[in-house]
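Hydrogens, waters and symmetry mates are skipped; everything else that's a heavy atom, side chains included, is used.
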Amino acid sequence: MARLPAEQEMSGGKSPRQKVWAQIRKQQDRFTQAQIAQRGKVSEDAVKDYVKVLLKAGFIAVIDSEAVGTMCKRNIYALIKDNGVEAPRLTKKGEIVTQGSVNEAMWGTMRRVLKGQNFDYRELAAFASTSSQVVAEETAKTYVFMLASAGYLDCITAPVLGRRARPGRYRFKPNMDTGPRAPMIQRTKQVYDPNKNRVMWVEEKGDEDDLV
């Protein structure tokens with residue numbers, strides 16, 4: 001079954017996986033799938049599927065088991081690698097989906113490292129990159145353009161086109177610090193903010209001609 005768009009999949013700003021992850025972080029030292037499903041108000045199937053890939057990716061581990069009735073046992077888990085507030089985006093094979101983590105890196109950099117400072121997309125890419133994850137300048141350019149269009153950034157200096165082209169400079173708006181989860185750039189070319197559970201901006205025809 002195809003996944004719903006993020007704004008339709010979310011409930012109160014949280015997808016089923018996000019609810020599962022939030023409960024895992026709360027009960028990190030010892031938990032069962034049943035406890036996560038009950039306390040997170042998520043279906044047992046959703047918990048089972050996500051626990052399976054979290055195990056493969058090494059975020060959680062089986063630390064014990066307990067009897068259920070006379071014939072069955074169930075696993076007891078612990079969180080061993082905390083990814084932060086945002087639920088790890090994983091494939092069925094337990095491989096990390098990098099797009100979301102790159103956005104998280106840029107969003108966190110704007111909120112903390114570059115807070116109150118002017119920057120261009122090249123500087124954002126450089127500051128958000130690490131030895132294990134490099135943020136491409138083109139990715140940062142698109143993210144800056146979309147967030148500026150959605151009202152998260154003030155344009156301090158407009159970009160200059162032509163032979164002496166230079167990128168525009170921006171500053172993160174303190175009143176647009178909506179929370180720890182990075183706004184998403186969706187395939188429909190709109191900005192969805194999971195902190196507010198709301199689409200913040202939709203690109204209109206011709207907007208993409210404005211360079212950053």
Side-chain angles (χ1 to χ4, degrees), residues 3-10 13-15 17-18 21 83-90 95-212:
R3 290 188 63 179
L4 295 172
E7 70 275 11
Q8 294 180 29
E9 185 183 64
M10 299 286 181
K14 290 186 178 181
S15 68
R17 285 192 169 192
Q18 190 65 41
W21 180 248
N83 192 58
V85 67
E86 186 71 15
R89 299 183 66 197
L90 303 168
E95 297 169 345
I96 294 175
V97 179
T98 59
Q99 181 181 1
S101 61
V102 167
N103 288 351
E104 291 297 319
M106 290 189 289
W107 178 246
T109 298
M110 287 186 282
R111 294 175 67 229
R112 295 187 294 270
V113 180
L114 297 175
K115 185 178 181 180
Q117 301 181 46
N118 298 348
F119 60 89
D120 61 33
Y121 70 85
R122 293 170 180 164
E123 293 166 347
L124 176 60
F127 278 109
S129 293
T130 65
S131 58
S132 60
Q133 178 176 270
V134 176
V135 178
E137 287 188 356
E138 282 301 312
T139 301
K141 182 176 182 180
T142 299
Y143 203 57
V144 166
F145 166 71
M146 297 295 275
L147 290 195
S149 300
Y152 291 88
L153 308 176
D154 277 324
C155 182
I156 306 303
T157 305
V160 175
L161 308 180
R163 292 178 60 187
R164 297 185 178 181
R166 66 172 181 266
R169 299 193 66 79
Y170 298 83
R171 183 184 296 141
F172 184 66
K173 295 181 180 179
N175 65 327
M176 290 301 290
D177 188 350
T178 56
R181 301 173 63 196
M184 303 175 185
I185 310 304
Q186 298 181 309
R187 283 176 291 182
T188 49
K189 292 192 176 181
Q190 61 187 27
V191 177
Y192 169 76
D193 193 326
N195 301 295
K196 299 175 74 68
N197 190 28
R198 199 172 83 195
V199 173
M200 303 296 285
W201 179 77
V202 179
E203 184 178 75
E204 296 181 5
K205 187 175 182 180
D207 286 344
E208 65 273 14
D209 295 331
D210 298 325
L211 303 179
V212 296

Review point. Would Tyr152 and Asp177 count as having a side-chain donor-acceptor pair, cut-off 3.5 Å?
Key: no

Practice item. Work out which heavy atom in Tyr170 is nearest to a heavy atom in Ala148; give both atom names and the distance. Key: CE2-CB, 3.8 Å

Practice item. Check for a donor-acceptor pair, side chain of Asn83 on one end and backbone N or O of Glu86 on the other, with a separation under 3.5 Å. Key: yes

Point to revise | CG-OG1 distance between Asp120 and Thr157, expressed to the nearest 0.5 angstrom | key: 10.0 Å

**Study point:** Minimum heavy-atom distance between Val199 and Tyr192, given as atom pair plus value
**Key:** N-CD1, 3.9 Å

Review point. Mind checking whether Phe145 and Trp201 have parallel, tilted or perpendicular rings, split at 30° and 60°?
Key: perpendicular

Check your understanding: Looking only at heavy atoms, which two atoms of Val85 and Gln18 are closest? And how far apart?
Key -> O-NE2, 2.7 Å

Review point. Looking only at side chains, do Glu203 and Ser149 share a donor and an acceptor under 3.5 Å apart?
Key: no

Check your understanding: At their closest point, which heavy atom of Arg181 faces which heavy atom of Trp107, and how far apart are they?
Key -> O-NE1, 3.6 Å

Exercise for review: Find the distance between OG1 (Thr142) and CD (Glu137) and round it off to the nearest 0.5 Å.
Suggested key: 12.0 Å

Check your understanding: Which heavy atom of Pro183 sits nearest a heavy atom of Val191, and at what distance?
Key -> CB-CG1, 3.9 Å

Exercise for review: Would you indicate whether the side-chain heavy atoms of Leu153 and Met110 approach each other to under 4.5 Å?
Suggested key: yes

Review point. Are the side chain of Ser129 and the backbone N or O of Val135 linked by a donor-acceptor pair below 3.5 Å?
Key: yes

**Study point:** Any Arg169 side-chain heavy atom under 4.5 Å of Glu123 side chain
**Key:** yes

Point to revise | Distance-only side-chain donor-acceptor flag, Asn118 / Arg171, under 3.5 Å | key: yes

Exercise for review: With the side chain counted from C-beta on, respond yes when Thr139 and Met106 share a heavy-atom pair under 4.5 Å apart, and no when they do not.
Suggested key: yes

Exercise for review: Evaluate whether atom NZ of Lys115 has more than 12 neighbouring non-hydrogen atoms of other residues, nucleotides or ligands under 6.0 angstrom away.
Suggested key: no

Point to revise | Gap between atom OG1 of Thr178 and atom CG of Asn197 - 0.5 Å precision | key: 11.5 Å

Exercise for review: For the pair Gln133 (side chain) and Thr130 (backbone), establish whether a donor and an acceptor sit closer than 3.5 Å, ignoring hydrogens and angles.
Suggested key: no

Check your understanding: Rounded to the nearest 0.5 Å, how far does NZ of Lys141 lie from CG of Leu124?
Key -> 13.5 Å

Exercise for review: Drop me the distance from Met200's CE to Met146's CE, to the nearest 0.5 angstrom.
Suggested key: 13.0 Å

Review point. Just by modelled atom types, is the Asp154 backbone N or O under 3.5 Å from a matching donor or acceptor in the Lys173 side chain?
Key: no

Check your understanding: From Gln117 CD over to Phe127 CZ, what is the distance, rounded to the nearest 0.5 angstrom?
Key -> 6.5 Å

Exercise for review: Find out whether Met184 and Pro194 are in side-chain contact, i.e. whether some heavy atom of one side chain is under 4.5 Å from a heavy atom of the other.
Suggested key: yes

Review point. What closest approach, in Å, do Arg122 and Pro167 show between heavy atoms, and which atom pair accounts for it?
Key: NH1-CD, 3.9 Å

